[in-house]
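For ligands, and for the atoms within them, numbers begin at 1 and follow the listed sequence.
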Amino acid sequence: MPDAGRMVTIEVVQGDITRQAVDAVVTAANESLLGGGGVDGAVHRAAGPRLAEAGARVAPCAPGDAIATPAFDLPPPVQHVIHTVGPVWEGGGRGEADVLVSCYRRSLEVADELGVRSVAFPAIATGVHGFPVEEAARIAVTAVAAADTDVALVRLVAFDPETHAALTDHLHRHLTG
Ligand code: ADP
């Protein structure tokens with residue numbers, strides 16, 4: 001029997017990850033942790049230049065791994081940014097799915113080390129990295145649901161309606177078995 005007291009609540013929203021009232025925000029970083037485009041650019045703009053300075057001190061971050069820094073100028077209650085590096089989609093035969101599962105799992109392990117209770121994730125790897133949205137949404141929901149974590153709330157933040165629909169669909173499928 002799973003311990004119901006440690007079950008993570010998963011919710012799906014459409015919006016901007018820099019505007020979520022959670023303890024930690026995950027960004028889809030590149031290995032340098034210096035900032036990039038897409039969601040990582042938005043997180044770095046909102047957190048300010050100290051985020052790249054802090055990233056540089058702890059980089060590199062390998063694909064599938066996660067490393068935390070302070071959140072700097074991101075608005076409270078956000079205290080931490082968890083930088084994870086997603087797989088670059090090369091057709092699916094190069095372990096991309098395993099790397100994406102690892103991004104979610106390692107980010108939640110880092111969240112546990114930080115002692116945080118709520119974490120927001122973007123749709124890692126589905127932008128510039130090219131991971132198919134449907135499969136990425138399935139992995140996001142199943143990897144978070146399977147995680148052995150003390151985090152109480154995981155919010156999956158979709159930026160666009162297609163990603164929102166895919167995440168909502170897979171969360172519904174998960175909850176209804
Ligand atoms: P990757 O390089 O891992 O593919 P991207 O940033 O290109 O990362 O895209 C990942 C996802 O993040 C995409 O669904 C993209 O639309 C979304 N995204 C972009 N900006 C934001 C934002 N401000 N908040 C939440 N999600 C965002």
Check your understanding: Between A143 and Y104, what is the shortest heavy-atom contact and its length?
Key -> CB-CB, 3.8 Å

Exercise for review: Treat each ILVMFWY residue as a node, draw an edge where side-chain heavy atoms are under 4.5 Å apart, and state whether L100 and V133 are in one component.
Suggested key: no

Practice item. Write out all pairs satisfying salt bridge (Lys or Arg N to Asp or Glu O under 4.0 Å) with one or both partners inside residues 24-52, taking only residues at least two apart or from two chains. Key: R50-D73

Point to revise | Residues which pass side chain to side chain donor-acceptor pair (under 3.5 Å) with D98, listed by chain and number, not counting sequence neighbours | key: none

Check your understanding: Do NZ/NE/NH1/NH2 and the carboxylate oxygens of D23 and R117 come within less than 4.0 Å?
Key -> no

Study note, to complete from the structure: For ligand 1, protein residues within the heavy-atom limit of under 4.0 Å are G15, D16, I17, A28, G38, V39, A42, A123, A125, T126, G127, V128, H129, F159, D160

**Study point:** Set of side chain to side chain donor-acceptor pair (under 3.5 Å) partners for T9, sequence neighbours left out
**Key:** none

